[in-house]
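Structure first, then comments.
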Number of protein chains: 2
Amino acid sequence: MKDIARHAGVSQSAVSFALNGRAGVSEETRERVRRVAEELGWQPSTAARALSGEGAATVGFVLARPADTLGVDSFFLQLVSGIQEVLAERHLGLLFQVVEDIADECAVYRRWWAEHRVDGVLVVDPRTDDPRPDLLDELGLPAVVIGGAPEERHPGLSTVWADDAGAMASVVDGLYALGHRRIVHIAGLAGLAHTERRIRTLAAEARRRGLTEVQSVTTDYSDAEGAAVTRRVLGGSAPPTALIYDNDVMALAGVAAASELGFSVPADVSVVAWEDSALCRMVKPWLSALSRDSVEFGRTAARELTALLDGGPARTVRVPVPRLIERDSTGAAR
Amino acid sequence: MKDIARHAGVSQSAVSFALNGRAGVSEETRERVRRVAEELGWQPSTAARALSGEGAATVGFVLARPADTLGVDSFFLQLVSGIQEVLAERHLGLLFQVVEDIADECAVYRRWWAEHRVDGVLVVDPRTDDPRPDLLDELGLPAVVIGGAPEERHPGLSTVWADDAGAMASVVDGLYALGHRRIVHIAGLAGLAHTERRIRTLAAEARRRGLTEVQSVTTDYSDAEGAAVTRRVLGGSAPPTALIYDNDVMALAGVAAASELGFSVPADVSVVAWEDSALCRMVKPWLSALSRDSVEFGRTAARELTALLDGGPARTVRVPVPRLIERDSTGAAR
DNA sequence: ATTAGTGACTAATACGCATTAGGTTGACAC
DNA sequence: GTGTCAACCTAATGCGTATTAGTCACTAAT
């Protein structure tokens, strides 16, 4: 800016005013300064900006997962991609970190905020008993919880959530209509908010219809556990006629396990995957799946965060209910 | 630091010396200052650090892929996870951005460097005719090219590469030994350096053995194209007896397509996937696959970058040759 | 003719840290 | 008793930007 000022024959402050669209310079000068800045290829130093109180122009994203669990999950990359799209428009950077567990994640938030490294964060995988909202509130760090529970609102936090309960109800509806009475839900990680929501909803739907042979089993989302649980429940005396898997990977592994046991899909057992991806069309039969737009989910979350950074109020936003794509893995109960 | 200085009864400079392990303060004072800093929960402002010439304590990572291609690729998340592990030790942040194409990617590098947002970058998906190394050289932006060609070294760039040529040679060796003479390589994106390396190596190996019915077909890595190419080549008059897929997703889709056409794996056609993941054990038959440690790949790249940032020389480092895991999808040629 | 006001600009300061140039004290040698 | 040196510490400056407090010339109002 010093150089620009010299070349344009004005003071440094005038340059600042001109480039930031503030009053205090004539239109003519402003234009001249703009031209010079352009010629000199000037870009504002984010460090200096941050130092003089403008914020870091960066938002943080922490993924608390052991490295080897990261593998086959298409959800996060798509989510991040959607987040990016919105952030990039406003030239906001995305600071990304992978950590082992929630405690580490909290430590990262603390450090980032203390170091003025981020202006806000996006929180994923909310849990039923989650220390993070309290921490963020305490720090005053603007945040959007992705997939959070709509009830439990913290004053300063925005929440973007998908209606898992509604989706689960519609899936059960569909299966019930097909004559299924014995249903097993191979759920994801226990303790995750959306896992618990799905489990609760399934239980409620079962109660409502008087179904007693309906259960949920939590897993670690891995193909191994998906297959193991499938083998266990299908090996029982009154095996379920429908299986709901909390992700596509487990559904795939489950179908493989079922075939090995001599169960044919969907003749003997119907399968629904909670998460649609190319995988679902890569096995025979093609898997019926709940599809949601993860990229759009990311966009929505990012938009909420930018709104928060602009001083807007914390909000709770719902994204569209996941839609059931009926393919070949679901059919009438035997 | 001002507060710390006041509480400890010393000057601000003394605090700086004490906390940065520089000479100029007594051991006793240093300890006292440390204690006070601890009590006050002080964390250095990265913005201020960056401003006073210490660098941004951040490295950049740009992924140039259309949003919808990101889905099913386990490689990048694992890579990033490995990168993280090394960066986190040194409290370096990872600035992540997804863009549409290479031109945008270059623009991001320019901006980041001009804004002093990053100290270095990690470059992925190098191409045969790639503008990025030249740009990075020109900017003087420290960088590590991941998966780059070992030949084409730019003065300032480090390169971390896997020996695709060696791996391809060993795969062809194995298939040849099993009696395969007609081999099709369903390759990845044309123009990517490693794609071209694999194609060249396959051609060379074929020539060396006098095989004429060997070819590579480039794709966009998607399951759709993988299946389409599979159908096309298997539908020909003298169909190949072995298929090499450049990723796991296409291999899976290929196997499905082959079954539909009445080809049994591995009796009629052998299949090798270039990238191992849970997917390969999720179909019957389990897929033989080239396995490499993507997390370690990331670690290595990050280590090279930190070395570069410490003022070390640019180097070219090779990671271990991918190893062929023989499962059930490869067998003797019919 | 003085005052109040306004538009266009400059000078000065702050942000939080690192660093460099000084300053003071005490020990030691001559 | 003067000079030298080392150890320890303080004062001052700079990094690049935003902002606040002036300054100056000129116009409009009293």
Side-chain angles (χ1 to χ4, degrees), chain A residues 1-34 36-38 40-58 91-93 111-119 309 311, chain B residues 1-34 36-38 40-58 91-93 111-119 309 311:
Chain A
M1 280 176 58
K2 212 185 290 179
D3 293 346
I4 300 178
R6 194 147 29 80
H7 279 82
V10 293
S11 75
Q12 240 183 75
S13 332
V15 174
S16 177
F17 292 151
L19 296 173
N20 292 317
R22 305 198 87 87
V25 289
S26 64
E27 239 351 282
E28 186 197 327
T29 308
R30 190 185 300 276
E31 200 38 57
R32 184 157 37 96
V33 169
R34 279 221 188 91
V36 175
E38 178 76 21
L40 267 53
W42 174 85
Q43 293 284 122
S45 148
T46 42
R49 274 231 157 105
L51 198 55
S52 53
E54 286 297 272
T58 306
H91 285 223
L92 290 171
R111 194 155 50 74
W112 277 354
W113 192 233
E115 293 179 348
H116 298 287
R117 238 170 190 285
V118 298
D119 302 327
L309 296 182
Chain B
M1 279 176 58
K2 212 185 291 179
D3 292 347
I4 300 178
R6 194 146 30 78
H7 279 81
V10 293
S11 73
Q12 235 183 80
S13 332
V15 174
S16 178
F17 292 150
L19 295 174
N20 292 317
R22 306 199 87 86
V25 289
S26 64
E27 238 353 280
E28 187 197 327
T29 307
R30 190 184 300 276
E31 201 38 56
R32 184 156 38 96
V33 169
R34 279 219 188 94
V36 175
E38 178 76 21
L40 268 52
W42 177 83
Q43 293 284 121
S45 149
T46 43
R49 275 232 157 103
L51 199 54
S52 53
E54 286 298 272
T58 306
H91 285 222
L92 289 172
R111 195 156 49 74
W112 276 355
W113 191 232
E115 293 180 349
H116 298 285
R117 238 171 192 285
V118 297
D119 301 327
L309 296 182

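What you see is a predicted model; the values in this text were computed from it and never measured.
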N/O donor-acceptor pair under 3.5 Å between A:Ser52 side chain and A:Ala48 backbone: yes
Could you work out which one of C:dC15, D:dC9, D:dT20 sits closest to the side chain of A:Ser52? C:dC15
Measure from NZ on B:Lys2 to P on C:dA14 and round the result to the nearest Å. 8 Å
Just call it for A:Gly53: base, sugar-phosphate, or nothing, with non-hydrogen atoms closer than 4.0 Å on any strand. nothing
Rounded to whole Å, how long is the line connecting atom CZ of A:Phe17 with atom P of C:dT10? 10 Å
Ignoring hydrogens and geometry beyond distance, is the side chain of A:Ser13 in donor-acceptor contact with the base of D:dA18 at under 3.5 Å? no
In whole angstroms, the gap separating C1' of C:dC17 from CD of A:Glu115 amounts to 13 Å
Phosphate contact (C:dA18 OP1 or OP2) by B:Arg49 side-chain N/O below 4.0 Å: yes
Which residue lies more 5' along DNA chain D, comparing B:His116 with B:Ala14 via nearest heavy atoms: B:Ala14
C:dG16 P sits how many Å from B:Arg6 CZ, rounded? 13 Å
In this structure, how many angstroms lie between the C1' atom of D:dG16 and the CH2 atom of A:Trp42, rounded? 9 Å
Determine: side-chain N/O of B:Arg22 to OP1/OP2 of C:dA18, distance under 4.0 Å, yes or no. no
Nearest heavy-atom pair of A:Arg49 and A:Asn20: which atoms, and what distance? NH2-OD1, 3.3 Å
Distance check needed: C:dA8 P versus A:Arg32 CZ, whole Å only. 13 Å
Could you check whether any side-chain N or O of A:Arg32 sits under 3.5 Å from a backbone N or O of A:Ala8, counting only pairs where one atom can act as donor and the other as acceptor? yes
Is any side-chain N or O of A:Ser16 closer than 4.0 Å to OP1 or OP2 of D:dA18? yes
Would you mind telling me which of D:dG16, C:dT19, D:dC9 lies closest to the side-chain atoms of B:Ser26? D:dC9
When all nucleic acid strands are considered with a 4.0 Å heavy-atom cut-off, which category describes A:Ser45: base, sugar-phosphate, or nothing? sugar-phosphate
May I have the distance from B:Leu51 (atom CG) to D:dA18 (atom P), rounded to whole angstrom? 12 Å
Run through B:Glu31, B:His7, B:Arg6 and flag the one making a side chain to side chain contact (heavy atoms under 4.5 Å, CB included) with B:Val36. B:His7
Determine yes or no for a side-chain-to-main-chain donor-acceptor pair under 3.5 angstrom, with B:Arg30 supplying the side chain and B:Phe17 the backbone. yes
Figure out the CD/C1' separation between A:Glu54 and C:dA14, and round it to whole Å. 13 Å
